[in-house]
Amino acid sequence: MATERDGVIKLDKFSPEAKALVAGAQQLADEQQHGEVTPLHLLARGIERSPGIAAVFKSAGANPSVVAELCERALKRQPKSSGVAYVSPRLIDLLDRAEREAKRDRVGEVGLGQLLHALAQEIRA
């Protein structure tokens, strides 16, 4: 699982695109000097950098630009911190959920689809 051990999360079962999205979320948290990388960082980076994720929002009737703006507003309310942002327990749970989705879907790697589905479950929780 993606469970954190010794401050490192394991993403060996994640596709290159999914790994890049998680890394992008970490980078966004660092850029904004946040103490934790959260599912919100993952969503914001996904809408910004993944045409496929933006297309999912469009097909659901949501304007990706509006969702991105809402994410940006919410990120501005996150507390600032010095140093590197740590992966939040909520994001670790989301990554574990995405791995379970991949296993259920019987695919070899966690892809953007599994991350997005896990993110949707996080938002409902």
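- For the atom pair NZ (K58) and CD1 (I53), the distance works out to 13.5 Å, reported to the nearest 0.5 Å.
- Note that CZ of R100 and CG of D105 are 13.0 Å apart. Values are rounded to the nearest 0.5 Å.
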Report task. Test side chain to side chain contact (heavy atoms under 4.5 Å, CB included) on S50 and L21 and set out the steps. Result -> CA-CA 8 Å; S50 174; L21 182 56; 5.8 Å; no
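- When the side-chain contact (heavy atoms from CB on, under 4.5 Å) test is applied to A23, no partner is found at least two apart in sequence or on another chain.
- Side chain of E17 to backbone of G111: no donor-acceptor contact under 3.5 angstrom is found.
- No side-chain N or O of Q114 forms a donor-acceptor pair with one of E109 less than 3.5 Å apart.
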Could you tabulate the donor-acceptor pairs under 3.5 Å formed by side-chain atoms of residues 59-71, not counting sequence neighbours?
unit_1	atom_1	unit_2	atom_2	d
S59	OG	A55	O	3.4
S59	OG	V56	O	2.9
N63	OD1	S65	N	2.8
E69	OE2	R73	NE	3.3

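- Within the model, atoms CG of L42 and CZ of R90 stand 11.5 Å from one another, a figure rounded to the nearest 0.5 Å.
- A donor atom on one side chain and an acceptor atom on the other are not found under 3.5 Å apart for H34 and Q78.
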**Report entry** Chi angles and distances behind the side chain to side chain contact (heavy atoms under 4.5 Å, CB included) call for L95, L11
**Finding:** CA-CA 9 Å; L95 297 174; L11 299 177; 4.3 Å; yes
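- Between V37 and L28 the shortest side-chain heavy-atom distance does not fall below 4.5 Å.
- Side-chain contact between E101 and V110: absent, with no pair of heavy atoms (C-beta onward) separated by less than 4.5 Å.
- Both L43 and V22 sit in one connected hydrophobic cluster of ILVMFWY residues. Membership requires side-chain heavy atoms under 4.5 Å apart, directly or through other members.
- The local environment of NZ in K80 is crowded, with over 12 non-hydrogen atoms from other residues, nucleotides or ligands closer than 6.0 Å.
- For the atom pair K10 NZ and E99 CD, the distance stands at 12.0 Å (nearest 0.5 Å).
- Taken to the nearest 0.5 Å, the CZ atom of F14 stands 11.0 Å off from the CG atom of L112.
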Query raised in the report: Passes side chain to side chain contact (heavy atoms under 4.5 Å, CB included), T38 versus V87? Steps please.
Result: CA-CA 7 Å; T38 67; V87 178; over 6 Å; no
Query - Trace of the side chain to side chain contact (heavy atoms under 4.5 Å, CB included) decision for R97 with L119 - result: CA-CA 9 Å; R97 189 177 307 122; L119 185 59; over 6 Å; no
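- Screening residues 18-37 for salt bridge (Lys or Arg N to Asp or Glu O under 4.0 Å) gives E31-R45 as the qualifying pairs, with residues at least two apart or on separate chains.
- Side-chain contact between L94 and L115: present, with at least one pair of heavy atoms (C-beta onward) separated by less than 4.5 Å.
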